[in-house]
Amino acid sequence: MLVVTNRLTKRYGGFTALDACTLAVPPGEIFGLLGPNGAGKTTLLRLLLGYLTPTSGSATVAGHDTAADSLGVRENVAYLPGEARLFRRMNGREVLDFFARLRPTCSRGEAGRVADRLGLDVSRQVARMSTGMRQKLALATVLATEVPLLILDEPTANLDPTARAEVLDLVREANARGQTVIFSSHVLSEVEESCGSVAIMRAGRLVHEQSIADIRRGHRIRARLTAGFAGVPEAFDGHVRVVAQKHDAAGAERLVLEAAESLAPLLGWLATLPLEEVEIEPIGLAAVYDRFHRSGEGSGT
Amino acid sequence: MLNRAVWRQSWGDQKLLLSALAALWAVFPWIYIWLQSQVPMGDFQLLLRLIPEDWQKLSGVPIAEVATAAGRIALAFVDPVVILGATVWGVTRGSDIVSGPLERGTMEMVLAAPVRRTAVYATHALATILGAAVLCGILLVGFWTAVAWGPWAGQVAPGRFAPAVGNTFGLMVCMAGVAGLVSAAGSHRSHAIGGMCGFYVLSLLAKLVGRMSDSLSWVGWLSVFGAYEPQRLVAGTADSWWLLARYDAVLVGLGLAAYLVGGVVFARRDLPAPL
């Protein structure tokens with residue numbers, strides 16, 4: 001595993017920013033990190049980089065302990081902060097020069113090419129750049145760095161749709177070259193589109209981890225029942241879960257089921273149920289995310 | 001231990017302030033000596049006699065010494081242009097060592113690279129100290145040329161003011177080190193600057209109290225300005241250098257010790273996300 005955290009915890013007085021986070025990211029993965037503001041994503045990333053010292057627990061990146069050997073960690077990582085801020089007195093070209101001098105694995109030529117692809121005018125002074133332009137400039141320095149792990153904290157925030165698509169392409173290209181990517185974002189569609197697996201955080205805790213392939217295999221079944229629902233057969237325990245079961249205004253029972261994997265084994269059982277108005281749809285990342293952040297389900301999982 | 005990229009960036013950051021203070025300190029000795037020369041020595045001595053005896057203690061040297069060309073030139077080192085210039089350099093550069101870039105968000109971009117925190121810190125500190133040395137060099141050249149070729153040419157040996165310039169360098173290192181320590185522990189540069197303003201005012205008050213009251217003379221040694229006595233260093237004897245060594249041992253020693261403690265604090269502290 002390239003990144004391993006073991007019950008990693010960060011507390012500030014009585015406030016727990018990250019609570020016993022245990023996570024493993026294999027090499028070659030694009031790993032999505034999801035959660036609302038304050039969920040603990042940035043705290044986790046800053047702990048990985050050694051900016052913060054854990055209150056308890058441990059983490060390693062490429063075999064280096066993040067608390068004891070942060071220099072070793074940073075030799076293997078390129079990091080884009082959530083809101084990249086650069087030297088305001090420099091122009092874009094000077095910023096790229098600076099970072100190329102600062103770290104030997106950052107290619108100045110490649111940084112210039114990335115900046116070109118993102119449509120950035122590097123002759124402009126940073127102080128005169130918009131937030132999006134500064135984000136592109138920081139991305140150029142990060143994506144031009146040949147290291148095993150890229151940590152991107154909301155890399156597409158503040159970017160226009162064209163630049164967003166270009167950044168996602170660049171991330172996929174980096175991954176194709178063998179770089180592992182940890183990708184934090186609020187935009188579920190781009191995580192679903194780019195990542196191999198995701199972790200969902202809430203209130204400092206890692207509440208769910210799943211591969212995107214598994215999420216895509218899952219389906220949601222909504223139906224109206226003409227008779228009572230007897231429950232999910234034991235044979236499908238762990239495969240099908242009842243998400244909602246309630247009566248509508250007409251007194252009919254409304255049922256929402258989620259199938260974790262392929263629908264095929266379920267079809268026979270579904271055919272025996274007194275269903276009408278059946279809708280079947282892929283679950284998608286948004287539904288999984290909502291399970292933890294909108295409906296209140298998943299509490300304490 | 002030092003980082004070349006951070007070194008260049010630090011010099012780039014201090015270039016403007018360095019240029020402004022260099023220009024000011026290059027011309028200040030000429031202007032000061034010219035202004036002094038406009039008041040004849042006899043008139044100046046009359047003026048000094050009008051000062052109440054208790055207030056004369058504030059000069060730090062016998063009043064008879066002040067009423068000489070060397071004494072009058074030495075007062076330039078306690079002029080706000082020199083003291084505030086030295087303090088502005090120390091506080092501005094020292095406060096920018098950690099909390100400044102942390103607040104601006106550039107620190108986390110720099111530290112994302114495999115660079116030790118101590119290297120970033122030491123490089124900045126060295127650039128600040130070297131900048132202070134450059135400024136003091138300019139101040140020395142300013143005094144040397146103004147004394148050698150100015151209105152009082154031939155009356156005083158130009159080299160007599162070198163120890164006083166050395167004392168100014170000590171003050172700059174002291175202010176930078178203490179400001180660096182405050183900056184290393186905080187996340188807002190404005191807090192570091194505010195703290196240093198308080199430190200400056202309290203130091204000044206402590207020195208004044210120590211000098212005005214015989215029974216409270218020990219209070220003067222609670223002030224860093226207790227070791228900033230350039231007017232005592234213009235005798236042009238070996239004693240001046242010995243006294244400078246004692247004063248600068250306090251000032252430079254305090255500054256470097258504060259820098260060192262700040263480095264330890266910075267290496268161990270959490271770095272919060274910029275607001």
Side-chain angles (χ1 to χ4, degrees), chain A residues 10-12 17 37 41-43 45-55 64 67 69-90 94-95 97-106 126-127 131 134 137-138 141-142 145 147 149-153, chain B residues 1-20 92-93 96-124 127 184-185 187-189 263-275:
Chain A
K10 183 66 185 176
R11 288 195 194 93
Y12 297 99
N37 296 329
K41 305 185 299 293
T42 299
T43 301
L45 300 182
R46 296 180 80 82
L47 281 162
L48 291 180
L49 285 152
Y51 290 170
L52 306 176
T53 308
T55 307
H64 300 273
D69 184 15
S70 123
L71 193 70
V73 168
R74 286 177 285 134
E75 278 169 356
N76 289 278
V77 176
Y79 170 59
L80 177 81
E83 194 183 330
R85 303 196 198 166
L86 301 158
F87 306 103
R88 294 176 65 83
R89 67 172 174 80
M90 293 185 187
E94 288 168 333
V95 169
D97 289 343
F98 172 77
F99 284 103
R101 274 196 300 270
L102 192 64
R103 63 184 314 157
T105 50
C106 178
V126 171
T131 313
R134 287 200 290 268
L137 187 58
T141 69
V142 171
T145 307
V147 282
L149 176 64
L150 302 179
I151 296 181
L152 310 176
D153 194 356
Chain B
M1 191 60 187
L2 300 179
N3 184 284
R4 188 176 293 185
V6 176
W7 175 260
R8 288 177 65 160
Q9 182 252 327
S10 292
W11 272 97
D13 280 351
Q14 67 186 22
K15 199 167 53 184
L16 189 65
L17 182 62
L18 186 77
S19 306
T92 305
R93 296 305 301 147
D96 202 38
I97 197 164
V98 174
S99 58
L102 206 57
E103 193 170 38
R104 291 195 296 274
T106 51
M107 182 63 89
E108 65 176 350
M109 289 296 290
V110 171
L111 287 181
V115 184
R116 288 185 193 283
R117 290 188 193 186
T118 46
V120 174
Y121 186 87
T123 304
H124 190 288
S187 299
H188 301 282
R189 190 182 181 196
V264 173
V265 168
F266 177 48
R268 293 183 177 180
R269 65 171 289 188
D270 278 350
L271 300 181
L275 294 172

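Bear in mind that the values here come from a model prediction, so they are computed numbers and not experimental data. Throughout, a chain's letter reflects where its sequence line sits, starting with A, and its residues are numbered from 1.
Residue A:T55 holds its OG1 atom at 8.0 Å from CG of B:D270, rounded to the nearest 0.5 Å. Between atom CE of residue A:M90 and atom CD of residue B:Q9 there is a gap of 5.0 Å, rounded to the nearest 0.5 Å.
Around the CZ atom of B:R104, the shell of radius 6.0 Å holds more than 12 heavy atoms that belong to other residues, nucleotides or ligands.
Ranked by heavy-atom pairs under 4.5 Å with chain A, the list B:G105, B:P272, B:A113 is led by B:A113. Here B:L271 is the residue among B:L16, B:N3, B:L271 with the most heavy-atom pairs under 4.5 Å with chain A.
Heavy atoms only, all atoms of each residue included: B:P114 and A:E75 are closest at CB-CG, 3.4 Å. Considering all non-hydrogen atoms of both residues, A:F98 and B:V6 come closest at CE1-N, 4.3 Å. The shortest non-hydrogen separation linking A:R101 to B:A5 is CB-CB, 3.9 Å.
For B:R4, no part lies near chain A; criterion is any non-hydrogen pair under 4.5 Å. With a 4.5 angstrom heavy-atom cutoff, B:P274 touches chain A via backbone and side-chain atoms both.
B:R116 places no side-chain N or O within donor-acceptor distance of the main-chain N or O of A:L71, the cut-off being under 3.5 Å. A side-chain donor-acceptor contact under 3.5 Å links A:R103 to the backbone of B:A112.
Counting heavy atoms from C-beta on, the side chains of A:F87 and B:M109 never come closer than 4.5 Å. Between A:Y79 and B:L111, the closest side-chain pair of non-hydrogen atoms is not below 4.5 Å.
Listed by first and then second residue, the side chain to side chain donor-acceptor pair (under 3.5 Å) pairs involving residues 80-90 of chain A are A:R89-B:D13 (not counting sequence neighbours).
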